Peer 1: 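If you scroll down you'll find the structure; I have some questions about it.
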2 protein chains.
Amino acid sequence: MVKPAALKKLLPLLKGIRLNDVNQIYSKSKSVRLQAGDHFVKEGSSKRDVAFIFSGLMRYYEVNEKGEEITTSLAWEQQFVAPRNVILFEQPSESYIQAIEPTHLMVINYDLMQEILESSPKSDSLRQYFMLQRIALLSDRVRSFVMLKPEERYLQLIEQNPSLVDRVPNKYIANIIGITPVSLSRIRNRIASQKK
Amino acid sequence: MVKPAALKKLLPLLKGIRLNDVNQIYSKSKSVRLQAGDHFVKEGSSKRDVAFIFSGLMRYYEVNEKGEEITTSLAWEQQFVAPRNVILFEQPSESYIQAIEPTHLMVINYDLMQEILESSPKSDSLRQYFMLQRIALLSDRVRSFVMLKPEERYLQLIEQNPSLVDRVPNKYIANIIGITPVSLSRIRNRIASQKK
DNA sequence: CCGTATTCTTATCTTTTGTTAAGCAGATTT
DNA sequence: AAATCTGCTTAACAAAAGATAAGAATACGG
């Protein structure tokens, strides 16, 4: 069970959903606190849990054939995280989901949440809203890979999410924009010397 | 109005939707035939039309600041095309959508279609199905940019869509995987000489 | 506060990609 | 059939990125 104070942050997202349903979801959810480095999901897991991030910062990563961890995306306050393969395709997770800051989650079983929302009159529009958000985000990201050079992707990323620069190690940022940490370091160097 | 024969291709996608609604959508749609090179959508357009591709092949492209056309994605039979900015954000289209083969479309106004589907009991699950498809596709593509090298992206693309190689000019394929046509040509050369 | 670990930077070298231009091949038009 | 156009390849060079390693800076735990 999650504390009411923390719940307030979730409420604006749930407008339109019956208070009763919200309460029911809350009562079935559990509050989880992770330290930096702790995992919410590990590769191979089939646990059908989703989490809402009250506070903190997480990354998705996969391990490639060379054994390197490649960070594929980030998630922070007010966002949901869930193992894509498990929820979308009912397959084991291909990714790890790990806290990289002290993180406070609300965790609930996906199917249980769906069940509760099933009857709610606004649940479809809520779901649709979240899916649209996701589609917009993903297609923007695809567009950035097709249309922009690495340096431009970096500038766009920090412009759209200024707070990330301070919170996320550059080696993760580098992966996110599809380059190596060494290369990002050079790009940052180039940008800094151009500014002078 | 679209010919019944062509409609059969759309039907499996619409299972669950009332026949009456399907008929109504059909009656409000128009059949459009494009030649290779013709546009369904041009940059700046705010027309809220979506199209279902009965046959043929189309590309989305944008013109960058150098005046080059950059192909951002492809769509073919049994898929919907629509100007993302217009439908998602009610803004003018940032993209062109162009036929690159003789293409047969069913075109309908997006809002009109929504209106008809509004009352249909299964419309939400249908919409959800399409959105999930889109999310899966997009996140796979993002993953390919983060995890794979250009050569691997090319091999994955032609493995997952073998027919594209024969139908789509390499210069478009190159854009899709985020490289230049010249670079793709070299990659193809490398692959060919490794095989020997 | 010191020592350790992690991350970031810098350097060197190799590989790949971008750019530009030229030649070639296939298709289209007249 | 000749001329034209378009797309693909190849070449040469410049620019950028990958790989590896070493040093500097920062964060972290005792």
Side-chain angles (χ1 to χ4, degrees), chain A residues 34-38 56-57 59 61 64-71 74 98-102 144-158 164-196, chain B residues 35-38 57 59 61 64-71 74 98-102 144-158 164-196:
Chain A
L34 300 179
Q35 291 185 304
D38 290 350
L57 183 54
R59 68 170 181 137
Y61 71 90
N64 67 15
E65 69 287 341
K66 291 184 199 156
E68 303 161 326
E69 297 179 357
I70 307 294
T71 300
L74 299 168
Q98 179 191 48
I100 57 179
E101 277 181 9
S144 81
F145 280 112
V146 173
M147 300 286 296
L148 306 180
K149 291 181 278 204
E151 174 169 335
E152 295 170 322
R153 290 202 290 277
Y154 176 67
L155 290 171
Q156 181 182 287
L157 181 74
I158 63 175
L164 286 191
V165 190
D166 303 324
R167 299 174 69 186
V168 182
N170 280 324
K171 57 177 183 170
Y172 298 157
I173 304 264
N175 289 161
I176 296 284
I177 60 176
I179 61 176
T180 61
V182 176
S183 189
L184 176 57
S185 181
R186 282 187 293 231
I187 286 172
R188 286 159 50 85
N189 190 335
R190 253 179 271 158
I191 293 170
S193 47
Q194 275 167 17
K195 270 190 180 166
K196 287 185 299 194
Chain B
Q35 291 185 305
D38 290 350
L57 183 54
R59 68 170 181 135
Y61 71 91
N64 67 14
E65 69 289 337
K66 291 183 200 158
E68 303 161 327
E69 297 180 356
I70 308 293
T71 299
L74 300 169
Q98 179 190 46
I100 56 179
E101 277 181 9
S144 82
F145 280 111
V146 173
M147 300 285 297
L148 305 180
K149 290 181 280 201
E151 174 168 336
E152 295 169 322
R153 290 202 290 277
Y154 175 67
L155 291 171
Q156 181 182 288
L157 181 75
I158 63 175
L164 286 191
V165 191
D166 304 323
R167 299 173 70 185
V168 182
N170 280 325
K171 58 178 182 168
Y172 299 157
I173 304 263
N175 288 162
I176 297 283
I177 60 176
I179 61 177
T180 61
V182 176
S183 190
L184 176 56
S185 181
R186 283 187 291 230
I187 286 172
R188 286 159 50 84
N189 189 335
R190 251 179 274 156
I191 293 170
S193 47
Q194 274 168 17
K195 269 191 181 163
K196 285 184 302 195

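Note: hydrogens, waters and symmetry copies are ignored here, and every other heavy atom, side chains too, is used. Letters go in sequence order (proteins before strands), and every chain restarts at 1. Bear in mind the structure is a predicted one, so any value in this text is a computation, not a measurement.
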Peer 1: Over how many whole Å does the gap from B:Lys149 atom NZ to D:dA19 atom P extend?
Peer 2: 7 Å
Peer 1: Using a heavy-atom cut-off of 4.0 Å across all strands, would you classify A:Arg188 as base, sugar-phosphate, or nothing?
Peer 2: sugar-phosphate
Peer 1: For A:Pro181, report the nucleic acid contact type (base, sugar-phosphate, nothing); a contact means any heavy atom under 4.0 Å.
Peer 2: nothing
Peer 1: How far apart are the closest heavy atoms of B:Thr71 and A:Val146, and which atoms are they?
Peer 2: O-CG1, 3.8 Å
Peer 1: Kindly say whether B:Arg59 contributes a backbone atom to a donor-acceptor pair with the side chain of B:Gln98 at under 3.5 angstrom?
Peer 2: no
Peer 1: How many whole angstroms separate atom CD of B:Glu152 from atom P of D:dG18?
Peer 2: 13 Å
Peer 1: For the pair made of OH in A:Tyr154 and P in D:dA16, what is the distance, rounded to whole Å?
Peer 2: 17 Å
Peer 1: Report the distance from atom CG of A:Leu184 to atom C1' of C:dC8, rounded to the nearest whole Å.
Peer 2: 10 Å
Peer 1: Over how many whole Å does the gap from B:Ile187 atom CD1 to C:dT15 atom P extend?
Peer 2: 16 Å
Peer 1: If you compare every side-chain N and O of B:Asn189 against the phosphate oxygens of D:dT10 (OP1, OP2), does one of them come in below 4.0 Å?
Peer 2: yes
Peer 1: Report the distance from atom CZ of A:Arg167 to atom P of C:dT7, rounded to the nearest whole Å.
Peer 2: 17 Å
Peer 1: Suppose we screen for side chain to side chain donor-acceptor pair (under 3.5 Å). Which residues come up paired with B:Asn64, at least two apart in sequence or across chains?
Peer 2: B:Glu68
Peer 1: Does any N or O in the side chain of A:Ser193 come within less than 3.5 Å of the main-chain N or O of A:Asn189, such that one atom is a donor and the other an acceptor?
Peer 2: yes
Peer 1: Nearest to the side chain of B:Pro169 - D:dC8, D:dA17, C:dT9?
Peer 2: D:dC8
Peer 1: Does OP1 or OP2 of D:dA17 have a side-chain N or O of A:Thr180 closer than 4.0 Å?
Peer 2: no
Peer 1: Atom CG of B:Leu148 and atom P of D:dG18: how far apart are they, to the nearest Å?
Peer 2: 14 Å
Peer 1: Look at the side chain of B:Arg186 and decide which nucleotide, out of C:dT19, D:dA21, D:dA17, has an atom nearest to it.
Peer 2: C:dT19
Peer 1: If the cut-off is 4.0 Å, is B:Arg190 near the phosphate of D:dT9, judged by side-chain N/O to OP1 or OP2?
Peer 2: no
Peer 1: Start at the 5' end of DNA chain C and walk down; is the nucleotide closest to B:Val182 or to A:Tyr172 reached first?
Peer 2: A:Tyr172
Peer 1: B:Lys171 has a side chain; which of C:dT17, D:dC8, D:dA17 sits nearest to it?
Peer 2: D:dC8
Peer 1: Given atom NZ of A:Lys66 and atom C1' of D:dA19, what is their separation to the nearest angstrom?
Peer 2: 8 Å
Peer 1: When all nucleic acid strands are considered with a 4.0 Å heavy-atom cut-off, which category describes B:Ser185: base, sugar-phosphate, or nothing?
Peer 2: base
Peer 1: For a quick test of reading the model, state the closest non-hydrogen atom pair linking B:Gln35 to B:Ala99 and the distance between them.
Peer 2: O-CB, 3.6 Å
Peer 1: Taking only the side-chain heavy atoms of A:Asn170 (C-beta and beyond), determine which of D:dA17, C:dC8, C:dG18 contains the nearest atom.
Peer 2: C:dC8
